[in-house]
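Written out below as structure tokens is the structure these notes cover.
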Amino acid sequence: AQSVTQPDIHITVSEGASLELRCNYSYGATPYLFWYVQSPGQGLQLLLKYFSGDTLVQGIKGFEAEFKRSQSSFNLRKPSVHWSDAAEYFCAVGAQGNTGKLIFGQGTTLQVKP
Amino acid sequence: DGGITQSPKYLFRKEGQNVTLSCEQNLNHDAMYWYRQDPGQGLRLIYYSQIVNDFQKGDIAEGYSVSREKKESFPLTVTSAQKNPTAFYLCASSLSGNQPQHFGDGTRLSIL
């Protein structure tokens, strides 16, 4: 069965430090992969997506992610974190078939220390 | 300004009552989705619709119903059969299957 695992439930980093959020997926073919961010009480905003092609994907707000097929991973990175990046981050994989269904990880909450 | 509007932002349900959550989009998207979000559980798909007048059950459809009579609207009814309805409900839409989904700001449902 398809699944998405975000191993870190909660991460704390200092402002200005680099960030990496992990995402591992289980999928039988080339996946569609997404990272979303959610501020408290709000909906989800798309940060970036991977469909095919270049395995290093650039997104909004200075985020990037790298698709590594051999490791079944799609980790999110940012070189220098800002206090406004504090939020919950979700990795998602598109389900097989053209249904548009997404399978979400359980999320990683990012706290930023001043 | 295009987007997805969910209303109300907060909703309270009495025991035995059905309530309907509204979701409207002006993005001209074909596909729409309803998710339930509980703390520590990510998002779980309730129902989805790829085209007007058609919809499919997601992973947790029991106790919920939907309709898709218009392209821009996809209301969700939480019925009295849903015994644990307290959650944050998110509506989303996409141009078509496997395209990125755009989300509304959610409705928080609580039990009186």
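Values in this document were obtained by computation on a predicted structure and should not be read as measured data. Computed over heavy atoms, backbone and side chain alike; hydrogens, waters and symmetry mates excluded. Quick note on labels: first sequence line is chain A, next is B, and so on, each numbered from 1.
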(request) Below 4.5 Å from any heavy atom of chain B, which atoms of A:Gln38 appear? Answer side chain, backbone, both or neither. (result) side chain
(message) Could you measure the distance from the CD atom of B:Gln37 to the CZ atom of A:Phe90? Nearest 0.5 Å is fine.
(response) 4.5 Å
(message) Could you check whether atom CG of B:Leu27 has more than 12 heavy atoms from other residues, nucleotides or ligands sitting under 6.0 Å from it?
(response) yes
(message) Is there a continuous path of hydrophobic side-chain contacts, each under 4.5 Å between heavy atoms, that joins A:Val4 to A:Leu46?
(response) no
(message) With a 4.5 Å cut-off on side-chain heavy-atom distances among I, L, V, M, F, W and Y, is there a chain of contacts connecting B:Phe103 to B:Tyr47?
(response) no
(message) Does A:Ile9 have more than 12 heavy atoms from other residues, nucleotides or ligands lying within 6.0 Å of its CD1?
(response) no
(request) Flag yes if A:Leu21 and A:Phe63 sit in one hydrophobic cluster, no otherwise; membership is Ile, Leu, Val, Met, Phe, Trp, Tyr, and two members link when side-chain heavy atoms are under 4.5 Å apart. (result) yes
(request) Give, as side chain, backbone, both or neither, the part of B:Gln101 having an atom under 4.5 angstrom from any heavy atom of chain A. (result) both
(request) Report yes or no: do B:Val52 and B:Tyr33 belong to one cluster of Ile/Leu/Val/Met/Phe/Trp/Tyr joined by side chain heavy-atom distances under 4.5 Å? (result) no
(message) Do A:Phe51 and B:Pro100 have side chains that approach each other closer than 4.5 Å (heavy atoms only, starting at C-beta)?
(response) yes
(message) Is there a continuous path of hydrophobic side-chain contacts, each under 4.5 Å between heavy atoms, that joins A:Phe104 to A:Leu33?
(response) no
(request) Would you check if B:Gln56 and A:Lys101 make a side-chain contact, meaning some heavy-atom pair closer than 4.5 Å? (result) no
(request) Report yes if the side chains of A:Leu102 and B:Tyr35 come closer than 4.5 Å at any heavy-atom pair, otherwise no. (result) yes
(message) Go through it in stages, so that I can follow the logic: the residues are B:Leu43 and A:Leu44, the test is side-chain contact (heavy atoms from CB on, under 4.5 Å), and I'd like the CA-CA distance, side-chain angles, deciding distance and then a yes or no.
(response) CA-CA 10 Å; B:Leu43 278 71; A:Leu44 277 68; 4.1 Å; yes
(request) Enumerate by number any residue of residues 72-95 of chain B whose heavy atoms lie under 4.5 Å from heavy atoms of chain A; in the absence of such residues, state 'none'. (result) B:Phe88, B:Leu90
(message) Does B:Glu15, at its CD atom, have more than 12 non-hydrogen atoms belonging to other residues, nucleotides or ligands within less than 6.0 Å?
(response) no
(message) For the NZ atom on B:Lys14, are there more than 12 heavy atoms of other groups (residues, nucleotides or ligands in this structure) within a distance under 6.0 Å?
(response) no
